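The structure under discussion appears below in the form of structure tokens.
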Amino acid sequence: MKDLPEFLDPQRMPRHVAVIMDGNGRWAKKQGKPRSFGHAAGMEALRGVVRASDDWGVSCLTVYAFSTENWVRSKEEVGFLMNLLLRYFASELDELDEKNVKIRILGDVNGLPGPQKKACENAMARTKDNTGLNLSIALNYGGRAEIVRAARELARRAAAGEIDPDAIDEAAFSGELYTQGLPDVDLLIRTSGEMRLSNFLPWQCTYAEMVFGDTLWPDYTRELYARDIAIYQSRDRRFGGVKTQIGDKA
Ligand code: IPE
Ligand code: IPE
Ligand code: MG
């Protein structure tokens, strides 16, 4: 663990942090620039959070980069975001691989344009045996679509006689999601003042602690990330139980 701020408890770090990186467009607008400017700046903020997660021993970081709903934006904006994805891998993949980061794409990679699909597959293949930070990038991702896809696969296997429908449990279902093998989300962060999930990880966030802040994503720093983790550490997670303190009577 490198440079962990002293107000954070190393024993209580979230295992899985998910981030809705929101507010790039408003950030750009505030300075009279096109939305693409905000997305480029947002990529820098992402770099910082990935580095901090790696330094601080967060084992899984999942970021929302492009939703299945984002295709409705202008051709220019979608094109810029798709190009940014290629730029991200071109500039980051060597360093990420060196840092032992394992990259996974959550979402329908087949629905991406050819070069983007190839870049995603290459990043995953190249880092598949890495054992450090699990960096998942949600791209062309929709939470409901992910659940439907899992249901369809289980139904297909049941119809083929490969599994018993009665044996389908939560673990079996989780195993069909893009996040298979990852722990549930402990901490969900959303920037830019919006307080909604926007179809992000509905299954995986059922018991996540949510932290919403007003900062627009391009202004999100390592210090703000540390502060959000501190908020997480101050929460009392009960998972349906009762808080027990020393001396409490049942
Ligand atoms: C988040 O910023 C990035 C993506 C959705 C790709 P936005 O582009 O949603 O920025 P705002 O919400 O319009 O400010
Ligand atoms: C969620 O942000 C998607 C990403 C951050 C990639 P949006 O900006 O698309 O969400 P809404 O439209 O405000 O709900
Ligand atoms: Mg937005």
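As the structure is a computational prediction, the values presented were derived from the model and not from experiment. Just so you know, ligand 1 is whichever comes first in the structure, and atom 1 is the first atom listed for that ligand.
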Ligand 1 versus M21: contacting region, heavy-atom distance under 4.0 Å: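 Only the backbone of M21 comes within reach of ligand 1.
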Proximity of R73 to ligand 1 by residue part, where a heavy atom lies under 4.0 Å: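 The answer is the side chain of R73.
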Identified side-chain contact (heavy atoms from CB on, under 4.5 Å) partner of V211 from the options L187, T191, V19: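 Running side-chain contact (heavy atoms from CB on, under 4.5 Å) over L187, T191, V19 with V211 returns exactly one hit, L187.
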May I ask you to decide whether [X] forms a salt bridge with [Y], counting only side-chain N to carboxylate O separations under 4.0 Å?
X    : Y    : value
R156 : E153 : yes
E223 : R227 : no
D55  : K99  : no
R51  : E95  : yes

Nearest candidate to atom 6 (C) of ligand 1, where distance is taken over non-hydrogen atoms, out of A65, S67, S36, P218: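 The option holding the nearest heavy atom is A65.
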Under-4.0 Å protein heavy-atom contact, atom 12 (O) of ligand 2: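 No, no protein heavy atom sits under 4.0 Å from atom 12 (O) of ligand 2.
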Proximal ligand 2 atoms for S198, defined as those under 4.0 Å from one of its heavy atoms: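 Close to S198: 10 (O), 11 (P), 14 (O).
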Distance filter under 4.0 Å to D22 heavy atoms, resulting ligand 2 atoms: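 Result: 2 (O), 8 (O).
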Heavy-atom nearest neighbour in the protein, as seen from atom 9 (O) of ligand 2, with distance rounded to 0.1 Å: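 It is N70 ND2, 3.0 Å.
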Ligand 2 contacted by R190 (non-hydrogen, < 4.0 Å):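 The answer is yes: ligand 2 sits under 4.0 Å from a heavy atom of R190.
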Heavy-atom gap R26 to ligand 2 smaller than 4.0 Å: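 Distance cut 4.0 Å: R26 fails for ligand 2.
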Close N or O approach (N24, ligand 1; < 3.5 Å):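 The answer is yes, given that N24 and ligand 1 share an N or O pair closer than 3.5 Å.
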D22: its N/O/S atom lying closest to the Mg ion (ligand 3) (atom name):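 Restricting D22 to its N, O and S atoms, the minimum distance to the Mg ion (ligand 3) goes to OD1.
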Ligand 2 versus F66: contacting region, heavy-atom distance under 4.0 Å: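 For F66, only backbone atoms sit under 4.0 Å from ligand 2.
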Side chain to side chain contact (heavy atoms under 4.5 Å, CB included) between T127 and V101, intermediate numbers included: CA-CA 7 Å; T127 62; V101 173; 6.0 Å; no
